[in-house]
*Asks:* 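Would you mind keeping the following structure in view while I ask a few things?
Quick note on labels: first sequence line is chain A, next is B, and so on, each numbered from 1. The structure displayed is predicted, hence computed values, not measured ones.
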Amino acid sequence: MTGPERFQSILDEDGKIEPKDWMPDGYRKTLIRQIAQHAHSEVIGMQPEGNWIARAPSLHRKAILMAKVQDEAGHGLYLYSAAETLGVSRDELVDLLHRGKHKYSSIFNYPTLSWADIGAIGWLVDGAAITNQVMLTRCSYGPYSRAMVRICKEESFHQRQGYEILLTLVNGTAEQKAMAQDALDRWWWPALMMFGPHDADSTHSEQSTAWNIKRMSNDALRQQFVDMTVPQAQYLGLEIPDPDLSWNADTSHWDSGPIDWDEFWRVVKGDGPMNRERLEHKRKAWDDGAWVREAAEAYAAKHADQPRRVA
Amino acid sequence: MVYEGHGAPEEGSEPTGTGRTGWPLWEVFIRQRRGLSHTHAGSIHAPDAETALQNARDVYTRRSEGVSLWVVPSVAIVASDPDAAEEFFDPAADKAYRHPTFYTIPEEVGHM
Ligand SMILES: [Fe+2]
Ligand SMILES: [Fe+2]
């Protein structure tokens with residue numbers, strides 16, 4: 001069997017492609033771009049939540065939030081590793097992010113204005129990410145799929161801690177409940193946009209589906225998320241900011257109103273409320289850490305001749 | 001979450017594979033619990049072995065996933081060639097007599 005034949009036969013059997021297998025150039029490029037963007041999203045995603053670590057309402061909540069943000073750093077690292085199996089280096093990908101050549105999920109270009117936003121992020125943003133990532137555990141590229149399995153195991157706590165924050169707020173004072181409602185009002189639509197353009201306008205979907213990278217369409221994933229989330233909002237006693245939201249007895253799904261795609265594209269193209277700050281902060285953290293990297297390298301060089309420990 | 005990007009890739013957004021490579025790569029192996037062998041978990045960048053172990057602990061065992069860790073320089077791994085896998089593993093394909101089910105033992109003999 002030739003390389004291309006074997007590649008196709010593995011896909012036909014719903015098998016996994018591994019790093020050293022022959023793969024089409026487009027498959028490799030698509031994966032590098034997608035996995036890098038996913039990794040960048042995990043890393044930039046630490047910022048909106050990191051904003052509240054020092055202001056968490058209790059030591060208990062602070063410890064939880066730190067653990068969650070640390071998980072996101074780990075997710076970024078798993079994903080950069082997966083990308084590196086395709087023949088690129090992590091430093092090069094990070095550099096492309098720093099130079100604004102690579103994108104990350106637009107959801108992280110919105111600000112976290114109140115403590116309730118930390119609840120809304122865990123519940124909605126991690127919730128939407130989980131919906132997508134569960135699908136990606138079935139993607140055809142082995143290292144990406146395995147990274148997703150690991151990540152999905154860790155995500156469940158993220159969503160639950162967020163929901164619990166909101167649950168506490170809605171059972172608090174009227175002011176606290178209003179804070180929870182305000183967070184839902186601001187995060188609902190951006191969360192739905194996380195699934196990307198409608199299927200009809202999604203440029204890469206067809207090829208990604210043929211390659212078993214994408215296993216469900218944007219709209220199908222978004223619907224799954226809405227159906228899962230509406231009853232959870234009802235339990236909180238909060239109102240989803242969509243006047244058109246209604247139960248469709250024929251389809252047994254929730255129908256939602258139109259998404260503001262102008263806003264979506266504006267934020268994707270760089271004009272969201274926090275685009276500039278996020279990237280500047282990321283570059284600054286990298287530059288500020290330069291002396292640590294240099295010191296570690298100097299230390300490693302100095303001890304290079306000493307024997308390594310063995311198992 | 002749309003990780004597949006939007007529209008055509010921007011000019012200069014494709015990594016060339018020639019950029020900085022940074023710290024060396026290490027493969028991480030975890031022994032889940034005593035009595036099991038170490039299994040591959042992923043990889044990690046670190047300037048030296050000691051830091052690789054600490055980074056691997058922080059990245060791969062945040063929830064007590066292991067009781068022992070190995071880190072191995074990725075360049076030290078020698079792999080078989082997937083393009084030659086058929087020939088390479090071929091010697092085992094026609095030796096069914098290496099499996100216990102190849103043999104017929106009368107039922108009266110009992111479990112063997
Ligand atoms: Fe994550
Ligand atoms: Fe998360």
*Asks:* Between A/H303 and B/E50, is there a side-chain donor-acceptor contact under 3.5 Å, judged purely by atom types and distance?
*Replies:*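 No, no side-chain donor-acceptor contact under 3.5 Å.
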*Asks:* Strictly below 4.0 Å, N to O, side chains only: are A/D71 and B/R63 in salt-bridge contact?
*Replies:*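 Between B/R63 and A/D71 there is a salt bridge, with a charged N closer than 4.0 Å to a carboxylate O.
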*Asks:* Does any backbone or side-chain atom of B/A41 lie under 4.5 Å from a heavy atom of chain A? Answer side chain, backbone, both or neither.
*Replies:*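 Both parts, backbone and side chain.
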*Asks:* Could you check whether atom CD of B/Q54 has more than 12 heavy atoms from other residues, nucleotides or ligands sitting under 6.0 Å from it?
*Replies:*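 Yes.
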*Asks:* Select one option (side chain, backbone, both, neither) describing which atoms of A/F157 are under 4.5 Å from chain B's heavy atoms.
*Replies:*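 Answer is side chain: those atoms of A/F157 sit under 4.5 Å from chain B.
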*Asks:* What is the minimum heavy-atom distance between B/G22 and A/D91, and which atoms define it?
*Replies:*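 The answer is CA-OD2, 3.3 Å.
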*Asks:* Check whether B/L25 gets within reach of chain A through its side chain, its backbone, both or neither, counting any heavy atom under 4.5 Å.
*Replies:*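 When you check distances to chain A, only side chain atoms of B/L25 fall under 4.5 Å.
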*Asks:* Write down the atom of A/R293, the atom of B/W23, and the distance for their closest heavy-atom approach.
*Replies:*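 Distance-wise, the nearest heavy atoms are CA-CZ2, 3.8 Å.
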*Asks:* Taking A/S81 for its side chain and B/S43 for its backbone only, find out whether a donor-acceptor pair lies under 3.5 Å.
*Replies:*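 Yes.
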*Asks:* Counting neighbours of CD on A/E297 that are heavy atoms of other residues, nucleotides or ligands and sit closer than 6.0 Å, is the number greater than 12?
*Replies:*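 Yes, enclosed.
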*Asks:* Does A/K20 come within less than 4.0 Å of B/D81, counting only side-chain N to carboxylate O?
*Replies:*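 Salt bridge between A/K20 and B/D81, a charged N being under 4.0 Å from a carboxylate O: no.
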*Asks:* Check whether B/A85 gets within reach of chain A through its side chain, its backbone, both or neither, counting any heavy atom under 4.5 Å.
*Replies:*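 For B/A85, no heavy atom lies under 4.5 Å from chain A.
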*Asks:* Would a 4.5 Å heavy-atom cut-off, applied to side chains only, mark A/R6 and B/D83 as touching?
*Replies:*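 The answer is yes; the side chains approach within 4.5 Å.
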*Asks:* If only atom types and distance count, is the side chain of A/Y78 paired as donor or acceptor with the main-chain N or O of B/V59 below 3.5 Å?
*Replies:*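 Indeed, once roles are kept as given, a pair shorter than 3.5 Å links the two residues.
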*Asks:* Can you confirm whether more than 12 heavy atoms, excluding those of B/Q32, are under 6.0 Å from its CD atom?
*Replies:*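 Not more than 12 within 6.0 Å, no.
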*Asks:* With a cut-off of 6.0 Å (strictly less than), are more than 12 heavy atoms of other residues, nucleotides or ligands near CD of B/E107?
*Replies:*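 Result for CD/B/E107: open.
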*Asks:* Quick check for you: among A/E18, A/K153, A/Q70, which has the greatest number of heavy-atom pairs under 4.5 Å with chain B?
*Replies:*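 Among the listed options, the one with the most contacts to chain B is A/Q70.
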